[in-house]
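Reminder, nothing fancy here: chain letters follow the sequence lines and each chain counts from 1. Values below: all heavy atoms of this structure, side chains included; hydrogens, waters and symmetry mates excluded. Every value quoted in this text rests on a predicted model; they were computed, and no experiment measured them.
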Amino acid sequence: MNADQLYEALRKVQEPKGYYFNKDKARVFQLLEGLLENKGRYGYMCCPCRLAAEDREWDRDIICPCVYREPDVAEYGSCYCNLYVSREWNEGKIPDVYVPERRPVEKRFR
Amino acid sequence: MNQCPVKLYSLSTCSHCRDTKDLLNQCGVNYDCVEVDTLEPAKRRTYLEEIKKLNPECTFPTLVIGDKVVVGFKKDEIKEDLGIT
């Protein structure tokens, strides 16, 4: 699968749930390339903005879309990576703030 | 511009790390960059210990400018620490 195919496949599933790709397509495609890179490296699409433990079970919470996306989009209008955003965020109705890391610190290294 | 050593702890796939590299490059800053996700496990562990001392949150990017540490892509903070106004 290439990034174009991944884009379309994810868009179809995620948009009806209210999660949109960032309107900055260049950024989205960089992140999708990162997801494909991680899929090749680890066998799962680990979040490109977090360090994988190379253990699917350990990293289950950060397999994209991560479990933190829902609270992050609800609170900030964007996920940690700025890959998925709300419609309002894309329309500039929500300030673009740096989304803090929500993953518990003890999960970040092992 | 501040000429102190600049070191970036990065992930090769991370958008915020890329933003940070783009900013440093645009500002003509020479810096060392470690792509932690590309390292073999033993080296990765060593660097993670180093990062934890600088940034107990252990998130990326972690940028060291002289004796200052900037966690995340904080454009204004980075420019200020670099002495760029």
Side-chain angles (χ1 to χ4, degrees), chain A residues 3 6 21-42 44-55 58-59 62-64 66 68-69 72 76 78-85 95-110, chain B residues 7-27 32-65 68-82:
Chain A
L6 184 60
F21 280 131
N22 188 328
K23 62 180 185 291
D24 180 348
K25 264 201 163 185
R27 187 181 192 86
V28 168
F29 273 85
Q30 281 171 1
L31 287 163
L32 293 178
E33 293 289 357
L35 284 176
L36 291 169
E37 174 75 28
N38 284 346
K39 171 86 174 162
R41 283 174 178 167
Y42 314 124
Y44 54 94
M45 288 199 198
C46 188
C47 172
C49 301
R50 293 169 165 122
L51 185 63
E54 304 189 31
D55 176 332
W58 182 270
D59 286 338
I62 54 167
I63 294 175
C64 189
C66 70
Y68 311 105
R69 179 184 68 164
D72 282 341
Y76 304 104
S78 169
C79 76
Y80 181 59
C81 293
N82 299 136
L83 175 64
Y84 288 109
V85 301
D96 179 359
V97 297
Y98 199 88
V99 178
E101 171 61 296
R102 198 183 285 270
R103 192 183 199 205
V105 70
E106 64 273 14
K107 286 282 285 178
R108 296 180 205 161
F109 30 70
R110 37 183 328 200
Chain B
K7 186 164 186 177
L8 175 65
Y9 298 91
S10 169
L11 299 178
S12 67
T13 54
C14 167
S15 52
H16 305 301
C17 299
R18 189 180 301 265
D19 288 339
T20 305
K21 284 179 250 182
D22 287 347
L23 177 66
L24 293 174
N25 291 335
Q26 280 162 23
C27 295
D32 286 330
C33 179
V34 184
E35 303 284 17
V36 179
D37 56 324
T38 65
L39 302 173
E40 56 174 85
K43 264 194 168 171
R44 180 187 296 202
R45 194 163 291 277
T46 305
Y47 276 109
L48 281 175
E49 290 303 323
E50 202 173 302
I51 295 165
K52 267 194 263 184
K53 285 181 195 143
L54 297 160
N55 167 19
E57 292 282 303
C58 208
T59 50
F60 299 90
T62 294
L63 179 66
V64 183
I65 303 170
K68 303 211 173 74
V69 179
V70 184
V71 175
F73 177 60
K74 313 270 170 59
K75 190 176 181 179
D76 294 341
E77 203 176 318
I78 293 169
K79 286 177 104 169
E80 192 184 320
D81 289 344
L82 287 168

Please determine whether the number of non-hydrogen atoms from other residues, nucleotides or ligands lying under 6.0 Å from atom [atom1] of [X] exceeds 12.
X	atom1	value
Lys23(A)	NZ	yes
Glu50(B)	CD	yes
Lys107(A)	NZ	yes

Donor-acceptor pair, side chain of [X] and main chain of [Y], under 3.5 angstrom:
X	Y	value
Arg108(A)	Glu57(B)	yes
His16(B)	Tyr98(A)	no
Thr13(B)	Gly34(A)	no

(request) Just give me the residue among Val105(A), Leu51(A), Asn82(A), Leu83(A) that pairs up with chain B most often, heavy atom to heavy atom, under 4.5 Å. (result)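 Looking at each of Val105(A), Leu51(A), Asn82(A), Leu83(A) in turn, Leu51(A) comes out on top.
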(message) Tell me which of these, Glu54(A), Arg103(A), Arg27(A), Glu37(A), has more heavy-atom pairs under 4.5 Å with chain B than the rest.
(response)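 Most pairs with chain B among the choices: Arg27(A).
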(request) Please tell me if the side chains of Thr38(B) and Arg41(A) come closer than 4.5 Å, counting only heavy atoms from C-beta onward. (result)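 Yes, at least one pair of side-chain atoms sits under 4.5 Å.
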(message) Nearest 0.5 Å, please: how far is SG in Cys58(B) from CZ in Arg50(A)?
(response)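 Here the rounded value is 13.0 Å.
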Side chain, backbone, both or neither: which part of [X] has a heavy atom under 4.5 Å from chain A?
X	value
Pro41(B)	neither
Cys17(B)	neither
Ser12(B)	side chain

(message) Out of the candidates Leu31(A), Asp24(A), Val28(A), only one should pair with Ser15(B) under the side-chain contact (heavy atoms from CB on, under 4.5 Å) rule; please name it.
(response)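 One option only clears the test, and that one is Leu31(A).
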